[in-house]
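Notes follow the structure.
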Amino acid sequence: MSAESDFTPVPEWLGQTVLMVEAPSLSDMTGAQRAGDACLWCQGAHDLEALDPVPGLGCRACGTCWTKRRAKVAAYLDWAVHVESCSACAVRRGADSLPIAEAYTAAHDHAVGTDEVTCLRCRQAVRLAEPLVMPYRWSGPVSNAPYYSFLHAGDVCPAMWQRGEVTLRAL
């Protein structure tokens, strides 16, 4: 981004992460988006700032979309780090993670207009308000690139039940 940018400065790693996880794939971009004549997200042609997620492409975004996407990624990372470091919240959304989860839900809805995400395991759409939906970060098998997704927490994922990964216990 240029030195005269109206965008709020962010750590370089956060900006790179936003581009890595939020930018549409090249095949999903319009010609105007690839050329930098339209915002990566809203396709508008106003208040555009260069992002250059891929050298040689002139990708740009408007300040509104950039702010929304940056807030969404930052809130996800806050939530994921908490869940990874809190054994209670890793199993079920607890009181400590509730405000963080709510902040992510609001940022996600503001950025993309929905409160639904997809469980990585069962591939079902789930509402972020559901208390058993948790962030899940993992490394790709070939490149070790980070992936940011969601899972049903604990043993509630329908895919686990279908594959027999859950043991039913009776008293």
Side-chain angles (χ1 to χ4, degrees), residues 7-29 39-42 51 53 59 61 63-171:
F7 291 13
T8 305
V10 297
E12 185 175 334
W13 65 267
L14 180 59
Q16 291 169 349
T17 303
V18 170
L19 291 174
M20 181 179 67
V21 301
E22 292 290 305
S25 68
L26 288 174
S27 62
D28 289 336
M29 286 185 202
C39 174
L40 277 179
W41 294 290
C42 72
L51 301 175
C59 295
T64 300
C65 287
W66 177 251
T67 300
K68 289 177 182 181
R69 298 295 174 142
R70 185 185 68 227
K72 177 184 171 219
V73 171
Y76 175 92
L77 292 172
D78 287 345
W79 188 15
V81 166
H82 176 79
V83 167
E84 292 164 3
S85 63
C86 176
S87 58
C89 293
V91 178
R92 182 176 300 265
R93 195 176 300 169
D96 289 345
S97 68
L98 189 57
I100 304 167
E102 289 172 347
Y104 176 76
T105 300
H108 182 276
D109 185 42
H110 191 61
V112 298
T114 179
D115 69 344
E116 286 188 343
V117 295
T118 302
C119 173
L120 179 65
R121 210 178 270 131
C122 69
R123 308 282 194 259
Q124 290 186 7
V126 290
R127 293 189 63 231
L128 282 164
E130 189 177 307
L132 295 173
V133 174
M134 309 300 277
Y136 178 65
R137 297 190 300 173
W138 52 287
S139 295
V142 176
S143 66
N144 284 331
Y147 289 86
Y148 303 101
S149 23
F150 292 88
L151 293 175
H152 284 102
D155 61 1
V156 299
C157 184
M160 293 175 70
W161 288 92
Q162 291 167 356
R163 290 192 304 259
E165 294 177 19
V166 175
T167 303
L168 296 176
R169 297 196 171 116
L171 294 175

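Sequential numbering from 1 along the given sequence is applied to the chain's residues. Hydrogens, waters and symmetry mates play no part in the numbers below; they use all other heavy atoms, side chains included.
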Non-neighbouring partners of C86 that pass side-chain contact (heavy atoms from CB on, under 4.5 Å), sequence neighbours left out: H82, A88, C89
Over all atoms of both residues, closest heavy-atom pair of C65 and C42: SG-CB, 3.6 Å
P24 versus W41, closest heavy-atom pair with distance: CD-NE1, 4.1 Å
Smallest separation among heavy atoms of E116 and A125, with atom names: OE1-CB, 3.8 Å
Selection residues 95-109 - residue pairs positive for salt bridge (Lys or Arg N to Asp or Glu O under 4.0 Å), sequence neighbours left out: none
Set of salt bridge (Lys or Arg N to Asp or Glu O under 4.0 Å) partners for K72, sequence neighbours left out: E22
CD on E130 to OG1 on T105, rounded to 0.5 Å: 11.5 Å
S97: partners by side-chain hydrogen bond (donor to acceptor under 3.5 Å, both in side chains), with sequence neighbours left out: none
Considering all heavy atoms, the nearest W66-V18 contact: CZ3-CG1, 3.6 Å
Parallel, tilted or perpendicular: rings of H108 and Y104 (30°, 60°): tilted
Nearest heavy-atom neighbours spanning A90 and V83: CB-O, 3.5 Å
For E84, all residues meeting side-chain hydrogen bond (donor to acceptor under 3.5 Å, both in side chains), sequence neighbours excluded: R137
Atom pair CH2 (W138) and CG (L151), whose distance is rounded to the nearest 0.5 Å: 10.0 Å
Between NE2 on residue H152 and CG on residue L132, distance to nearest 0.5 Å: 8.0 Å
Passing candidate, side chain to side chain contact (heavy atoms under 4.5 Å, CB included) with R69, options V112, L40, L19: V112
Y76 and Y148 aromatic ring geometry - parallel, tilted or perpendicular at 30°/60° bounds: perpendicular
Between CZ on residue F150 and CZ on residue R121, distance to nearest 0.5 Å: 14.0 Å
Under the side-chain contact (heavy atoms from CB on, under 4.5 Å) test, residues paired with S25 that sit two or more places apart: S27, D28
